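The structure appears right after this line, and notes come after that.
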Protein chains: 2
Amino acid sequence: MAVTDPTRIEPDGRDVVLVRWPAEDDRLDELRTRAVPRLVLVASHADPFSPVDDLEDWVRLPTAEADVRARVRTLRRRAADASERIPELADDRLLRYGCWWAALAPAEARLAEPLVARFGAVVSRSDLARAGWPEGLPSRNSLDVQLGRLRRRLEGSGLAIRTVRSRGCVLAAS
Amino acid sequence: MAVTDPTRIEPDGRDVVLVRWPAEDDRLDELRTRAVPRLVLVASHADPFSPVDDLEDWVRLPTAEADVRARVRTLRRRAADASERIPELADDRLLRYGCWWAALAPAEARLAEPLVARFGAVVSRSDLARAGWPEGLPSRNSLDVQLGRLRRRLEGSGLAIRTVRSRGCVLAAS
DNA sequence: ACCGGTGGTTCACGGGCGTGTAACAGGCGG
DNA sequence: CCGCCTGTTACACGCCCGTGAACCACCGGT
C-alpha cells in the first residue's frame, strides 16, 4: 500500500515521531531541540533531505508503509542505544537491563554482583571466586559451572559474559 | 531522473559503496566486516531493509539520483565523525575503539601496545619484536604470523594495520 | 629480460592448557 | 514428594602460539 498522507500511518509505538517536510518545518525544529527521534516524510517535489543528527531519518513520499515501519524501527533502536542502558542488580536478586529482567539464584547473584558493578571491564576469576564464595570456593571448576549457569540465565537479555583468557570475564552488551 | 540500475550511479566519491540487495548479499557481508560505509539499493520487490550499523543506509529503487547523493553525503559525514576516535589498550588486554572492543591474546596485546601508543605513526619491526618478545623472538616469521593474527582480530573494528615496506607497520583507521 | 634475494603474507599442523558443559548426586524449602 | 539450587567429576572443545613451508610482490644486478 502506497503512503502519500503521513496522518494515515500508525507507527509501532509513539516514541518515534513522523513529521512532514517542508510543510511542518517548525514542528521539526521543536522535535530536534527536544531530541525526539523523528522520521521526516519528504514531499515528492521537495529537495533531498539532510538529517542533522542520528536520531533523524527521512523517506520520500510516496512510499510503502512497510518501509516507513522499517525506518521507524531503526530509529527506535538507535534511540535505545543512545540512552545507554546499564544493568542493575537489586538486593532482591532481580537483575534488570532496560526493559528486560530476571530473578537470579543466590549464588548467581553473588557472582553477578562484581560483574554488574564493573560493567564493561574485566573482573578476574579470583575476584569472582571471592564474591561468589566468601568462605572460600569449594572445588576447582565450580566457578566455571556457576558462570555457565549465569550465562544461560542471561540468554535473550542483550547482555553476555565474555571471557578474556587468563584474565577473567567481562559483562557487556552482546 | 529516476534510478533503477545502480550501475548507472556515480557517487561523489568512492568512500561510500553502493550495493544492490538482495542481489549482492555476499558483497554486503564483506563490506560490513570491513566497516566500509555503504548504501544499500533495495530492489523494488524486496522486503524493507534493516541496517546493522550506523555506517549503513538504504533506499528503495527506483529513486531519484539526487536522493542517493543525499544519503551518500550523510553516510560520509558519519564515517568522518567515527574516524575521530582513537584506540585504547587496557592492561586487561581489552582493546577499545569507539563502541567496538575485543579481547586480545597475550602475545597480541604485547604487539598491539606500541602500535596503539604510536597510533598513526610507523613502528619498526624491531620495536615490534622487542615489545612482543622481551626475551628475544623465537624464529624467523613468528612476528609476521602474530601480526597476521592481530590483523584478523581487528576485522570489523574500523582499525587496520598497514605495512610500510622495509620501515614497519602503522595502526590506522581503515 | 632473466634471475636471485629480500621482505611480507598466509596456510596447515600440533602441543598445551584454559575453559565450557553434560551428567549425576545431595540438600533445602514449599 | 517434587522442584529448584548447588557442588563435583569427567570430558571435550577451542584458543593460544610456535613452527615449517609455500607463495607473492618488489628490487637490484648481470
Side-chain angles (χ1 to χ4, degrees), chain A residues 89 92-95 102-113 115 122-155 159-172 174, chain B residues 30 33-34 89 91-95 101-115 122-155 159-172 174:
Chain A
L89 180 59
D92 53 7
R93 302 204 311 262
L94 242 51
L95 177 60
L104 303 187
E108 291 167 3
R110 292 197 301 272
L111 257 190
E113 200 250 325
L115 288 168
V122 176
V123 180
S124 74
R125 297 178 85 80
S126 56
D127 282 356
L128 287 172
R130 268 190 294 274
W133 292 267
E135 327 281 313
L137 91 167
S139 114
R140 189 202 132 258
N141 69 343
S142 55
L143 172 60
D144 297 288
V145 173
Q146 281 302 341
L147 266 176
R149 299 203 234 259
L150 183 53
R151 276 179 223 268
R152 207 168 309 164
R153 187 87 70 182
L154 298 181
E155 277 174 4
L159 288 172
I161 299 175
R162 311 255 297 256
T163 77
V164 181
R165 204 181 169 82
S166 77
R167 276 292 180 278
C169 294
V170 194
L171 181 65
S174 53
Chain B
E30 187 223 337
T33 60
R34 285 170 46 208
L89 178 60
D91 54 1
D92 53 10
R93 301 207 313 261
L94 246 49
L95 178 60
W101 64 273
L104 303 186
E108 291 167 5
R110 292 195 303 271
L111 259 190
E113 201 246 326
L115 288 167
V122 176
V123 180
S124 74
R125 297 179 83 79
S126 56
D127 282 356
L128 286 172
R130 267 190 295 274
W133 290 265
E135 328 280 312
L137 89 167
S139 116
R140 182 204 156 252
N141 71 341
S142 53
L143 171 60
D144 298 289
V145 172
Q146 282 303 340
L147 266 175
R149 297 204 236 259
L150 184 52
R151 276 180 225 267
R152 208 168 312 162
R153 184 88 68 187
L154 298 182
E155 277 173 5
L159 287 173
I161 298 174
R162 293 174 217 222
T163 77
V164 181
R165 198 183 171 81
S166 75
R167 283 292 178 275
C169 295
V170 194
L171 180 65
S174 52

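All heavy atoms count here, side chains included; hydrogens, waters and symmetry mates do not. Here is how names work: the chains are called A, B, and so on, in the same order as the sequence lines, proteins then strands, and each is numbered from 1. Everything numeric here is computed off the predicted structure, so don't read it as measured data.
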Atom CZ of A:R110 and atom P of D:dT6 are separated, to the nearest Å, by 7 Å
Does some side-chain heavy atom of A:V164 sit less than 4.5 Å from a side-chain heavy atom of B:D92?
no
From the options A:L115, A:L171, A:V170, select the one residue that forms a side chain to side chain contact (heavy atoms under 4.5 Å, CB included) with A:V122.
A:V170
Which heavy atom in B:A109 sits nearest to a heavy atom in B:R93, and how many Å separate them?
CB-CD, 3.7 Å
Length of the CD-C1' vector between A:E108 and D:dC5, whole Å:
8 Å
Nucleotide nearest B:A105 when distance is taken to its side chain, options D:dT8, D:dC16, D:dT6
D:dC16
Is there a side-chain contact between A:L111 and A:L104 in this structure, where contact means two heavy atoms from C-beta onward sitting under 4.5 Å apart?
no
Reading nucleotides 13-22 of chain C 5' to 3', which nucleotides get B (base under 4.0 Å from a protein heavy atom), which S (sugar-phosphate only), which -?
----BSBBBB
From B:T163 atom OG1 to B:R125 atom CZ, the distance as rounded to the nearest 0.5 Å:
7.5 Å
Nearest to the A:S139 side chain among D:dC16, D:dT19, D:dT8, which nucleotide is it?
D:dT8
Output the rounded distance in Å from CG (A:L111) to C1' (D:dT6).
12 Å
Using atom CG of B:L143 as one end and atom C1' of D:dC16 as the other, report the distance to the nearest whole Å.
17 Å
Which whole-number value in Å describes the distance from B:L104 CG to D:dC17 P?
10 Å
Check whether B:R151 reaches the backbone of B:I161 with its side chain - one donor and one acceptor, N or O, closer than 3.5 Å.
yes
Have a look at B:R153 and say if it touches a base, only the backbone sugar-phosphate, or nothing, with a 4.0 Å heavy-atom cut-off.
sugar-phosphate
For D:dT6, take OP1 and OP2 only and decide whether either is under 4.0 Å from a side-chain N or O of A:W133.
no
